[in-house]
Structures are given as C-alpha cells and as structure tokens.
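Because the structure is predicted, anything quoted here is derived from the model rather than measured.
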Amino acid sequence: MDQGRISLRGSARGRFPGVDPDVLEADLLSALERREIEVLFQPQFASATGAVVGAEALARWRHPTLGAVGARDLFAVAERAALVSPLSRHVVARALEDAATWPENLTLSLNITPEELGDPRFAADFAALIGRSEIAPHRLMLEITEDVLLRNLPQAASALKALRGLGFRTALDDFGAGYCNFRYLRELPLDALKLDKAMVDGVPADATALAVLRAIVTLGKALGLAVYAEGIEDEIQRAAITAEGCDYWQGFLRAQPMPSESVLALARTARGMGHG
C-alpha cells in the first residue's frame with residue numbers, strides 16, 4: 001500500500017472534525033448500497049524496462065460533503081460500523097469487473113483485510129468469487145500488511161497457503177513500516193515483498209538508508225521473492241532502486257491512482273510499453 005497516496009484527515013483515522021461518527025457510518029452503508037464507493041488503480045512498472053505490468057486496486061469514497069475519502073480513512077469508518085467485509089467484497093468485485101477488460105499481461109493487486117484473513121472460510125469464499133470472474137488466479141497478487149499477521153499468524157499462513165495452492169500470488173505489503181518481523185518471511189508462503197515508502201526515503205543520498213535498502217533487497221532475492229518499491233516520487237529514487245535490484249515500483253513519479261481506462265491508455269503508450 002503506497003503511503004504517498006494516503007492523506008489522513010482529522011485527528012485520527014476515519015474521524016473528521018465536526019462530523020458525527022454515527023452519521024458518517026450511516027452514510028457509508030448508504031454509499032455501499034448505491035455502489036458509490038469507487039475503485040482506482042495505482043499502476044506498477046517494471047524497473048528494467050519501465051513497462052506497465054499491473055496495478056493495485058484502491059478504494060475511494062466521494063463523500064457529498066467531505067469530498068474524497070482515502071482508503072485508510074474509509075476502512076477505519078467501515079471497521080467502526082462493522083462493514084469491513086461488505087466494503088472489501090465491494091472493492092474486490094468492482095476491481096475484478098474493471099480488470100476483466102485488461103490484457104493478459106497486466107496483473108491486479110488486491111489488499112486483504114485482517115477481518116477477511118482471520119475468517120476460516122475466507123480462502124474458499126475468495127476462490128469462489130474469483131472463479132466467477134474472468135481473471136485467472138495467476139494474474140492476482142494478494143497483498144497483506146503486518147497488522148493482519150499480528151492478529152493471527154497461524155490462521156493467516158493457513159489461508160495464504162490454501163490460496164497460493166490455487167494459483168494466487170501473495171505479497172507482504174508495507175514492509176519497513178512496522179516491526180519488520182523477519183519471522184513472517186520464514187512462515188508465510190510469499191511471492192513478493194513490497195517495500196514501504198519509508199524504506200526508499202533518503203535513497204540514495206543517505207548512506208544508511210541505502211545500505212538498509214540494499215540488505216533488504218538482497219534478503220528478498222535470497223528467498224526467491226520479487227521486490228517492489230512503493231512511493232517512488234522522483235527520478236533519482238527510481239534509478240537508485242533499479243540499480244539496487246528492485247524488480248518493480250509504483251509511485252507518483254509516473255502515475256497517481258487512476259480509473260481502469262486510464263491504466264489501459266497508459267499501458268498502450270510508448271513509455272507504458274517500456275519505450276522511452
């Protein structure tokens with residue numbers, strides 16, 4: 001999850017000055033019923049070629065008075081309203097609907113919530129949902145964050161193992177934002193490591209930051225993991241993470257979250273195909 005794209009509003013996640021939380025939660029329920037929660041996509045690029053290789057699905061709520069509410073605030077409101085599972089299912093369904101029009105070479109990344117991964121039925125339910133879509137499992141990357149794992153690591157490992165056995169790929173997201181517990185790398189069936197923006201801030205000018213990045217990328221490669229860098233905002237950062245061996249990146253340097261049709265348009269451009 002790209003930290004650069006998140007803008008927390010209010011004094012805490014999902015709370016807005018002067019807005020009654022109960023009213024906001026009721027607004028969210030109505031928005032779900034009316035399919036007003038939109039899904040945007042953050043393009044991901046191959047470091048070696050610059051080609052668009054896929055995109056991460058992100059939820060956005062266009063609130064009538066508050067304006068755009070980002071994913072973290074949105075899910076914080078949903079958690080208080082006990083609407084996380086309905087919201088996540090809505091986001092996944094809309095993302096799959098949009099990505100069904102994408103060419104086979106583009107992948108779709110989906111964020112998995114703690115509530116979902118903690119449900120023993122999640123793996124079977126998710127596989128059934130994907131089975132009704134036109135997206136092959138190997139084109140999906142399921143992203144999990146550390147807060148998911150802190151709640152129940154054995155359950156998370158079991159669910160991910162079942163999903164991976166069905167052909168889905170899995171990634172540990174926001175690596176470097178929390179405790180960086182290396183136990184996760186030993187016990188989880190992973191295909192990719194997504195480095196948090198904090199891991200690339202200061203690179204390459206900060207020698208310590210560069211050394212840490214280099215060590216983490218080396219570790220990822222030793223484990224056979226693809227390495228993504230998030231929050232890339234300037235050309236110097238992009239060149240540095242490429243030189244250090246990061247396979248893919250995403251960030252505002254090339255693209256902000258955008259509608260599905262814009263992802264397709266970008267992928268068709270010379271730069272999106274890795275030329276220029």
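For the atom pair OG of Ser262 and CD of Gln256, the computed distance is 11.5 Å after rounding to the nearest 0.5 Å. We find the CZ-CG distance between Phe126 and Leu142 to be 4.5 Å, quoted to the nearest 0.5 Å. To the nearest 0.5 angstrom, Ile241 atom CD1 is 13.0 Å from Met199 atom CE. How far OG1 of Thr218 is from CD1 of Ile216: 9.0 Å, rounded to the nearest 0.5 Å. Rounding to the nearest 0.5 angstrom, the gap separating the CG atom in Asp196 from the CG atom in Asp173 is 8.0 Å.
With sequence neighbours left out, Arg214 forms a salt bridge (Lys or Arg N to Asp or Glu O under 4.0 Å) with Glu244. For Thr107, there are no side chain to side chain donor-acceptor pair (under 3.5 Å) partners, not counting sequence neighbours. Annotation: side chain to side chain donor-acceptor pair (under 3.5 Å) contacts of Arg121 (sequence neighbours excluded): Asp119. Residues meeting the salt bridge (Lys or Arg N to Asp or Glu O under 4.0 Å) test with Asp206, sequence neighbours left out: none. Residues passing the side chain to side chain donor-acceptor pair (under 3.5 Å) test with Glu187 are Arg183, sequence neighbours excluded. The side chain to side chain donor-acceptor pair (under 3.5 Å) search around Lys221 returns Asp247, not counting sequence neighbours. Residues that satisfy the salt bridge (Lys or Arg N to Asp or Glu O under 4.0 Å) test with Asp191, not counting sequence neighbours, are Arg164. Among residues two or more places apart in sequence or in another chain, the ring pair (Phe, Tyr, Trp, His ring centres under 6.0 Å) test is passed with Phe175 by none.
Counting all heavy atoms, side chain and backbone alike, Leu74 lies closest to Ala59 at CD2-CB, 3.6 Å. Across all their heavy atoms, Leu166 and Ala127 have their closest contact at CD1-CB, 3.5 Å. What you find for Thr242 and Arg238 is that their closest heavy atoms are OG1-O, 2.8 Å. When all heavy atoms of Ala123 and Leu163 are compared, the closest pair comes out as O-CD2, 3.7 Å. Closest approach of Gly231 and Val200 over heavy atoms only: O-CG2, 4.4 Å. Residue Pro259 comes nearest to Leu40 through the heavy atom pair N-CD2, 3.9 Å, listed as atom of the first residue, atom of the second, then distance.
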Output, in order, the C-alpha distance, side-chain angles, deciding distance and verdict of side chain to side chain contact (heavy atoms under 4.5 Å, CB included) for Glu56 and Lys194. CA-CA 12 Å; Glu56 177 184 354; Lys194 293 191 73 177; 3.2 Å; yes
Using the side chain to side chain contact (heavy atoms under 4.5 Å, CB included) rule, take Ile130 and Leu96 through it: C-alpha gap first, then chi angles, then the decisive distance, then the call. CA-CA 8 Å; Ile130 302 304; Leu96 290 172; 3.5 Å; yes
If you apply the rule side chain to side chain contact (heavy atoms under 4.5 Å, CB included), what do you find for Leu28 with Leu24, and how did you get there? CA-CA 6 Å; Leu28 175 56; Leu24 191 58; over 6 Å; no
Show, in sequence, the C-alpha distance, side-chain angles and deciding distance for Ile112 and Thr145, and conclude whether the side chain to side chain contact (heavy atoms under 4.5 Å, CB included) test is met. CA-CA 8 Å; Ile112 305 302; Thr145 53; over 6 Å; no
Going through the distances and angles, do Asp98 and Arg94 end up as a salt bridge (Lys or Arg N to Asp or Glu O under 4.0 Å)? CA-CA 6 Å; Asp98 285 343; Arg94 293 203 64 172; 5.7 Å; no
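The cluster map of Ile, Leu, Val, Met, Phe, Trp and Tyr, joined by side-chain heavy atoms under 4.5 Å apart, puts Met141 and Val263 in different clusters. Cluster annotation: Val217 is not connected to Val53 through the hydrophobic network of ILVMFWY side chains, with a link wherever side-chain heavy atoms come within less than 4.5 Å.
Residues Val77 and Leu83 fail the side-chain proximity criterion, which asks for heavy atoms closer than 4.5 Å. Within the 4.5 Å cutoff, side-chain heavy atoms of Phe182 are placed close to those of Leu185. Counting only heavy atoms from C-beta outward, the side chains of Phe45 and Arg254 approach each other to under 4.5 Å. Residues Phe41 and Pro257 form no side-chain contact, since every pair of their non-hydrogen atoms from C-beta on lies 4.5 Å or further apart. Contact of the Asp27 side chain with the Thr65 side chain is not registered, since no non-hydrogen atoms from C-beta on lie closer than 4.5 Å. Two residues are said to be in side-chain contact when any heavy atoms from C-beta on lie closer than 4.5 Å; Leu190 and Tyr184 fail this criterion. Using a 4.5 Å cut-off on side-chain heavy atoms (C-beta onward), Gln155 and Leu117 make no contact. Taking 4.5 Å as the limit, some side-chain heavy atom of Lys197 sits within range of a side-chain heavy atom of Glu233.
Applying the salt bridge (charged side-chain N to carboxylate O under 4.0 Å, His left out) test to every pair with at least one member in residues 100-111, sequence neighbours left out, gives these pairs: Glu104-Arg139. Sorted by first and then second residue, the pairs that involve residues 30-54 and meet salt bridge (charged side-chain N to carboxylate O under 4.0 Å, His left out), not counting sequence neighbours, are Arg34-Glu36, Arg35-Glu97, Glu38-Arg62. For residues 76-92, the set of pairs meeting the side-chain hydrogen bond (donor to acceptor under 3.5 Å, both in side chains) definition, not counting sequence neighbours, comprises Glu25-Arg80, Ser88-Glu116. Within the structure, every pair that satisfies the ring-ring contact (aromatic ring centres under 6.0 Å, His included) test and touches residues 223-247, not counting sequence neighbours, is listed here: Tyr228-Tyr248.
For the residue pair Gln44 and Gln250, a side-chain donor N or O sits within less than 3.5 Å of a side-chain acceptor on the partner.
Taking the six-membered ring where the residue is Trp, Trp61 and His63 present perpendicular rings, their angle passing 60° and hence far from 30°.
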